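Since this is a predicted model, take the numbers as computed values, not measurements. Lettering follows sequence order; numbering is per chain, from 1.
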Amino acid sequence: MSISVQLPDGSSRELGAGATAADLAADIGPGLAKAALIATIDGEQVDLNVELTDGTTVALITDRQDEGLETIRHSTSHVLAQAVLELWPGSTFAIGPPIEHGFYYDFELPGGSTFTDEDLERIDAKMREIIDADQPFIRSEMSASDALELMADHQYKRETIERVTTDSGDGLGVHDDDLSEEVSADGTVSFYRNTDAFIDLCRGPHVPSTGRLGHFKLMSVAGAYWRGDEKRPMLQRIYGTAWANKKDLKAHLHRLEEAAKRDHRKLANELDLVSWPAELGPGLAVWHPKGALVRKIIEDYSRDRHEHGGYEFAYTPHIAKSNLWETSGHLDFYADGMYPPMEMDGATYYPKPMNCPFHVMIYKSSQRSYRDLPMRIFELGTVYRYELSGAVHGLLRSRGFTQDDSHIFTTRENLQEELTSLLDFVLSILRAFGFHDFQAKLSTRPTEKSVGDDEIWDMATEGLRQALENHGLDYIVDDGGGAFYGPKIDVDVKDAIGRAWQLSTIQADFNLPERFELEYVASDGERKRPVMIHRALLGSVERFFGVLLEHYAGAFPVWLAPMQVQVLPVAEVHADYAETVRARLADAGCRVDVVDATDPLGKRVRAGKTEKVPYVLVVGDDDVANSTLGVNARGQDVERDVAVDAFMERIAADIDNKV
RNA sequence: GCCCGAGUAGCUCAGUCGGUAGAGCAAUUCACUCGUAAUGAAUAGGUCAGGAGUUCAAUUCUCCUCUCGGGCUCCA
């Protein structure tokens, strides 16, 4: 392996195999520390992210492309800021970090004016000028007071400087990894300057000079609150995407197009599944017959699995009096997410944002024995949550949705076993729908206040961890990320184009059993408190349907397809035979229709394909004579002269096949 | 809710520098009866999202409202 590194000053340096940043230390002066270098390893260009502390000690070297990419994105965001400040004198800039796929930068324009799409073109042109000028990124450090003076006209920068130079009490300064400012314990901050006219507060690192950049595209303008706080001023945010080379940029833009083609709202319209009449209001959908059929299949499958999985079914009302929500704590902790109350007959009713308290009522309806546990109550329960009108998004985010919700009441002793078998159940169902790539997250006890004793937290957390380990499931730990009432597992699935969707959640709860004073009689005759587990597998049926649509790009597997087979007689004389075939398939439990010969065959085939029907069968003279079919399987070439019997076996296998 | 953008026939879109609109597909009718991704013809279909203002005249300009899209925030 040979590594060739180009230094910020333009000279280059050859390094042998196994070289580290230590080998570079001598070549990089203190003023150029924290530079990202572009190197070639065996002739192939890689981005090296070299971080040096105080110009002498080596901290890190990596040949990981993505870290180099982060640097490119971050540097591009600086160029964006430089362009905007130049084009809009008097504007001020806030923060501009690299993000997944690109970067953004937040600005405040003079007089509160806003960017338009045409502005983006002007900014883009200016950025390319800066890049063509190949300006070097030069690092400097200064005291907080000098920095505040330098940024006298930029209140957001000043605020940031003050924040990062204020000690958080642990001697390490403020930890703010999400932001790209320099964070300092000794009261100094770092800046990067690339012309006399443009200098920005920044932790770095950056590419050596702007000439390294250029494979970017400004994507959109959006409003964003300063520091994400609704009560702070709204800034103008420009989003961009940036890549190491032209090919990657193109590939990314192509992926965006692919994702747009799979948009469930578009497919729902094209395939006549669901619509969102404006008359109903934001986030409210009506399910058309075909969409409703697919949904019913999903729900039936879920019910069937639960019935055979040791669950008992329940139905509960959609509203309840305020005292229920006071006892459950929802009115204290979740009021913002609830629909407004209704006053009736001197009492106050709320639509339910969750099903839990109702299932608790079922538990409490009689005295429970340890012999009754675990008790698993299941309901496809529709809940209502007040989402911001700007936040609703097709089926993925709506104001009313149906959870495949269950609450399991168990003894402490059985908690671990229950959690383990539960994860089994979850994965088995997700796999049936065609998801095979999982990423789990285990969220543990928060450091702040939480309820429940150490023993039970340990048991539950260990139970969840064991369940994950037993399944060899890839998981990350979100330390302290659990709710105050218990630890949880969230399961993300990856779809066909690699996007992650959070679907399942398994959550232990030590709080509601206390609040509702749940009890069971143990084997020794003592009254004990059960533990509760909340769990949803699909999450919300509506959202799951949306995810499935995007995953399959509308081409549902046979068992879920609303129309499984269409039979097309070539001409009217073949109609009787087509009907015979249809009847046989229908008898076998197949969803099948005949499309009669009023339109030309080509047109009917096209319509079937466009509707993504898994099998389009064509029957003509030869088929009538020989009891055969012409088979157009979705995504495959035409097969002629397939025996009807052979096709019957094939479709029967497909209908059974939960992927 | 807030910032930016959008809303023209069932769908996808043109168009009107202010004089009340057009195409393709879909629908309906007729003819064609066809072997694998759009047969031909005809008909019908729009208070140009809704309301107000300016104007002799508004789909077009202005304001407000509604809905949608992209973000912020939040989450299933």
Side-chain angles (χ1 to χ4, degrees), chain A residues 104 106 108-109 112-120 219-239 260 263 265-266 269-270 272 275-284 334 336-337 353-354 381-383 385-405 490 501-505 534 536-544 546-547 568-575 596-611 616-624 629-632 637-641:
Chain A
Y104 68 79
D106 287 346
E108 193 169 65
L109 296 181
S113 66
T114 55
F115 293 116
T116 64
D117 287 347
E118 292 77 58
D119 290 338
L120 287 188
M219 303 300 287
S220 60
V221 185
Y225 299 105
W226 170 234
R227 299 197 61 73
D229 183 346
E230 269 181 76
K231 294 178 186 67
R232 313 290 297 263
M234 174 158 286
L235 306 176
Q236 290 284 304
R237 175 172 298 179
I238 295 178
Y239 281 93
D263 189 310
R265 294 162 301 183
K266 181 171 154 359
N269 178 36
E270 286 170 4
D272 192 19
S275 64
W276 291 266
E279 289 84 344
L280 306 194
L284 301 172
Y334 200 75
D336 286 350
M354 296 182 188
T382 303
V383 296
R385 298 187 188 173
Y386 177 74
E387 296 290 348
L388 296 178
S389 61
V392 298
H393 178 86
L395 293 174
L396 300 181
R397 196 70 182 285
S398 58
R399 283 180 168 172
F401 57 93
T402 305
Q403 295 179 306
D404 61 329
D405 204 4
D490 293 314
W501 304 92
Q502 198 214 307
L503 297 180
S504 312
T505 182
H534 308 253
L537 309 191
L538 311 179
S540 123
V541 176
E542 292 85 346
R543 181 178 135 90
F544 185 75
V547 171
L568 319 189
V570 171
E572 253 167 42
V573 291
H574 310 116
D596 63 36
T598 46
D599 277 325
L601 182 62
K603 185 173 183 172
R604 286 177 287 150
V605 169
R606 181 173 198 277
K609 298 267 190 188
T610 309
E611 286 165 35
V616 176
L617 307 181
V618 174
V619 295
D621 287 337
D622 299 347
D623 301 304
V624 173
L629 307 158
V631 177
N632 296 272
D637 291 338
V638 180
E639 300 164 67
R640 290 288 301 270
D641 307 319

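- Rounded to an integer number of Å, the gap from A/Tyr104 OH to B/G70 P is 19 Å.
- One N or O donor and one acceptor, one from the side chain of A/Asp623 and one from the base of B/G35, sit under 3.5 Å apart.
- Of the candidate nucleotides B/A37, B/G1, B/G35, B/G1 has the atom lying nearest to any side-chain atom of A/Arg399.
- The gap from the C1' atom of B/U55 to that of B/G18 amounts to 9 Å, rounded to the nearest Å.
- Atoms CD (A/Glu270) and P (B/U12) sit 8 Å apart, rounded to a whole Å.
- The separation between A/Leu617 atom CG and B/U36 atom P is 16 Å, rounded to whole Å.
- Both key distances under 3.5 Å define a Watson-Crick or G-U pair, and stretches of 3 or more such consecutive pairs in RNA chain B run B:1-7 with B:66-72, B:10-13 with B:22-25, B:27-31 with B:39-43, B:49-53 with B:61-65.
- B/A31 and B/U36: their C1' atoms are spaced 23 Å apart (whole Å).
- When all heavy atoms of A/Leu395 and A/Glu542 are compared, the closest pair comes out as CB-O, 3.5 Å.
- Between A/Ser540 and A/Asn269, the one whose closest nucleotide on RNA chain B sits nearer the 5' end is A/Asn269.
- The heavy-atom pair separating A/Leu537 from A/Ser504 by the smallest distance is O-OG, 2.6 Å.
- Comparing the same atom, C1', in B/U20 and in B/C30 gives a spacing of 34 Å after rounding to whole Å.
- B/U29 and B/G15 are spaced 34 Å apart, taking the P atom of each and rounding to whole Å.
- Taking the C1' atom of each, B/U60 and B/A6 are spaced 16 Å apart, rounded to whole Å.
- Between the CD atom of A/Glu611 and the P atom of B/A37 there is a distance of 16 Å, given to the nearest Å.
- Between A/Ser504 and A/Asp641, the one whose closest nucleotide on RNA chain B sits nearer the 5' end is A/Asp641.
- The shortest distance between the side-chain N/O atoms of A/Tyr239 and the OP1/OP2 oxygens of B/C72 is below 4.0 Å.
- Across the P atoms, B/G7 and B/C13 are found 11 Å apart, a figure rounded to whole Å.
- Computed from coordinates, the A/Asn632 CG to B/A37 P distance equals 8 Å when rounded to whole Å.
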Show the distances under 3.5 angstrom between N or O atoms of the protein and N or O atoms of nucleotides 64-68 of chain B.
none

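- The same atom, P, is picked in B/U59 and in B/A21; the two are 10 Å apart, to the nearest Å.
- Side-chain nitrogen and oxygen atoms of A/Tyr386 include at least one within less than 4.0 Å of the OP1 or OP2 phosphate oxygen of B/G1.
- One finds a side-chain N or O of A/His393 lying less than 4.0 angstrom from the OP1 or OP2 phosphate oxygen of B/G70.
- Between B/G50 and B/A58, the distance separating the two P atoms is 14 Å to the nearest Å.
- Within the nucleic acid shown, A/Thr598 comes within 4.0 Å of at least one base atom, counting heavy atoms only.
- Note that CG of A/Leu538 and CG of A/Asp404 are 4.0 Å apart. Values are rounded to the nearest 0.5 Å.
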